[in-house]
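Because the structure is a prediction, the values reported are computed rather than measured. The chains referred to below are lettered A, B, ... by the order of the sequence lines, with proteins before strands, and numbering in each begins at 1. Quick note: numbers below take in every heavy atom, side chains included, and nothing from hydrogens, waters or symmetry partners.
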2 protein chains.
Amino acid sequence: MPRPSEPTRARIVQAASALFYNEGIRRVSVDEVAAKAGLTKRTLYYHFKSKDDLVAAYLAARDQPNLALFRKWFAEAEGGLPAKVEAIFRNLARSARHPKWKGCGFLRTSAELANMPGHPAIRIGAAHKKKFEDWLRATFAEQRIADPLKLARQILLLLDGSFAVVLLHRDASYMETAGEAARTLIETAVATKGRKRRD
Amino acid sequence: MPRPSEPTRARIVQAASALFYNEGIRRVSVDEVAAKAGLTKRTLYYHFKSKDDLVAAYLAARDQPNLALFRKWFAEAEGGLPAKVEAIFRNLARSARHPKWKGCGFLRTSAELANMPGHPAIRIGAAHKKKFEDWLRATFAEQRIADPLKLARQILLLLDGSFAVVLLHRDASYMETAGEAARTLIETAVATKGRKRRD
DNA sequence: TTGTGTATATTCACTGGTTAGTATACATAC
DNA sequence: GTATGTATACTAACCAGTGAATATACACAA
């Protein structure tokens with residue numbers, strides 16, 4: 001039974017993900033994670049050196065799948081650039097209507113651990129958001145938009161804002177409002193493409 | 001010494017505010033709050049029936065001062081509507097650069113308690129955001145903007161987005177980016193004032 | 001093929017500390 | 001002498017992390 005070790009670790013991360021996402025980091029004990037994974041706490045501590053380490057692994061496992069989903073929604077959408085970005089918000093709204101939805105795991109974790117600035121989990125969250133921003137910036141740069149970084153950050157702000165607002169109000173329609181705002185900002189940036197900045 | 005009871009209660013809320021905001025709800029014990037307020041836990045439980053009750057009081061105490069601050073920043077700013085809204089973001093960025101700043105207490109609390117949907121603290125947070133949205137909507141309506149509710153919600157999304165992003169990245173310049181985005185959205189809405197919706 | 005050593009993987013049982021909430025008694029002011 | 005307010009001392013549960021022992025799989029030697 002010993003040898004492999006990788007499936008066990010993966011099972012622990014899976015159990016931790018479900019519990020941490022649904023209940024919150026500090027609400028969930030290491031014992032609960034171990035029980036859900038079907039093993040003892042001592043075994044868990046063989047694979048992870050601390051609870052903080054486990055929390056970091058939980059977020060690290062969410063990084064790539066999450067980004068892939070956003071890219072998929074963007075790629076599959078019909079229409080031009082604004083429509084493709086808006087599709088991300090529309091799909092997100094659909095996810096948010098599921099009763100088990102509880103916002104963005106990265107944001108919620110960094111909100112809960114805000115008193116530990118250098119925590120590995122917060123770094124992983126920041127890196128995740130940065131990857132998303134970088135992908136948007138590159139996409140906008142390809143379309144010869146004047147200030148692709150600024151526009152990417154504006155979209156990111158709307159996205160994370162919709163995570164926060166929808167979590168509070170439990171009203172997913174805010175995500176469609178955010179999508180509309182994103183469309184307006186993109187169209188404005190496109191219109192300014194060649195022109196000098198006014199003001 | 002007994003009689004008054006109100007200053008005692010206020011002192012408890014003050015102690016709770018500092019601790020809950022800086023360390024997080026579940027991180028802070030009722031004993032710690034009592035110690036910081038200079039009394040025993042048993043006395044605290046005379047004034048509040050549970051920890052949840054105390055958490056709710058912590059947020060309720062933040063509601064009016066927070067809104068007043070936003071209104072003050074708006075009112076004192078020079079210039080037109082976009083400049084006045086942008087001033088809110090600029091002032092917020094200034095606050096966020098203080099090292100003790102840890103985001104929006106309402107958002108962080110509801111992120112931490114996301115597993116308890118009906119929690120009084122979450123309701124207070126939602127009501128707070130709604131009041132801000134209502135104030136913006138009324139302000140925009142006075143200026144004869146076409147869809148004041150939609151614009152108010154877009155600004156709210158940018159505001160809460162900047163709380164989230166700046167908490168993660170510890171880079172307050174995102175708030176100025178959010179302010180710029182708000183300006184763009186307002187100017188677009190103003191330009192659409194009388195006109196029919198295109199599309 | 002069979003025995004044996006070793007790194008890997010797992011468990012039981014425990015520690016020292018913390019936690020929300022309470023039973024009871026005492027003090028003060030009016 | 002009764003409302004209000006405060007403190008001491010307690011419960012019963014929980015929690016992150018560890019010490020010591022054990023089980024398994026595989027490499028290699030006989």
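Counting heavy atoms from C-beta outward, Asn91(B) and Lys72(B) have side chains that stay 4.5 Å or more apart.
Atom pair Glu32(B):CD and dA20(C):P shows a separation of 9 Å (rounding to whole Å applied). In this structure, CG of Leu19(B) is placed 12 Å from P of dA20(C), rounded to the nearest angstrom. Arg26(A) has its CZ atom 13 Å from the P atom of dA20(C), to the nearest Å. The separation between Ile25(A) atom CD1 and dC15(D) atom P is 14 Å, rounded to whole Å. Leu39(A) places its CG atom 15 Å from the C1' atom of dA23(D), with the value rounded to the nearest Å. A straight line from CD1 of Ile12(B) to C1' of dA7(D) spans 14 Å, rounded to a whole angstrom. Nucleotide dC15(D) holds its C1' atom 14 Å from the CG atom of Leu54(A), rounded to whole Å.
Residue-level contact check: Ser29(B) touches the backbone only, with heavy atoms under 4.0 Å from sugar-phosphate atoms and none from bases. Counting non-hydrogen atoms under 4.0 angstrom, Val28(A) reaches the backbone sugars and phosphates but no base.
One finds a side-chain N or O of Thr43(A) lying less than 4.0 angstrom from the OP1 or OP2 phosphate oxygen of dT11(C). When the side-chain nitrogen and oxygen atoms of Tyr46(A) are compared with OP1 and OP2 of dT10(C), none of them lie within a distance under 4.0 Å. At dT10(C), one or more side-chain N or O atoms of Thr8(A) fall inside 4.0 Å of OP1 or OP2 (strictly under the cut-off). When the side-chain nitrogen and oxygen atoms of His47(A) are compared with OP1 and OP2 of dT10(C), one or more of them lie within a distance under 4.0 Å.
For the ring-ring contact (aromatic ring centres under 6.0 Å, His included) test with Tyr58(A), the passing option among Phe20(A), Phe48(A), Phe106(A) is Phe20(A); the others fail.
For Lys36(B), the NZ atom is loosely surrounded, since the number of other residues' heavy atoms within 6.0 Å does not exceed 12.
Between the base of dG5(D) and the side chain of Arg9(B) there is no donor-acceptor pair shorter than 3.5 Å.
Here Lys131(B) does not pair with Asp134(B) in a salt bridge; the nearest charged N to carboxylate O distance is not below 4.0 Å.
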After noting the C-alpha distance and the side-chain angles of Arg183(B) and Glu187(B), does the key distance pass the salt bridge (Lys or Arg N to Asp or Glu O under 4.0 Å) rule? CA-CA 6 Å; Arg183(B) 165 181 286 272; Glu187(B) 285 171 347; 3.0 Å; yes
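Checking dG17(D), dT8(D), dT11(C) against every side-chain atom of Lys51(A), the shortest atom distance belongs to dG17(D). Ranking dT24(C), dG17(D), dA20(C) by closeness to the Tyr45(B) side chain, first place goes to dA20(C). Which of dC12(C), dA16(D), dT24(C) sits closest to the side chain of Val30(A) comes down to dA16(D).
dA9(D) is paired with dT22(C) under the criterion used here, namely a Watson-Crick or G-U wobble arrangement in which both key atom distances are under 3.5 Å. Across all strands shown, dA23(D) is found opposite dT8(C) as a Watson-Crick or G-U wobble partner, with both distances under 3.5 Å.
Between Trp135(B) and Phe74(B), the ring center distance clears the sub-6.0 Å criterion.
Nearest-nucleotide positions on DNA chain D for Ser50(A) and Lys41(B) put Lys41(B) closer to the 5' end. When the nearest nucleotides of DNA chain D are assigned to Arg42(A) and Asp31(A) by heavy-atom distance, the more 5′-ward of the two goes with Asp31(A).
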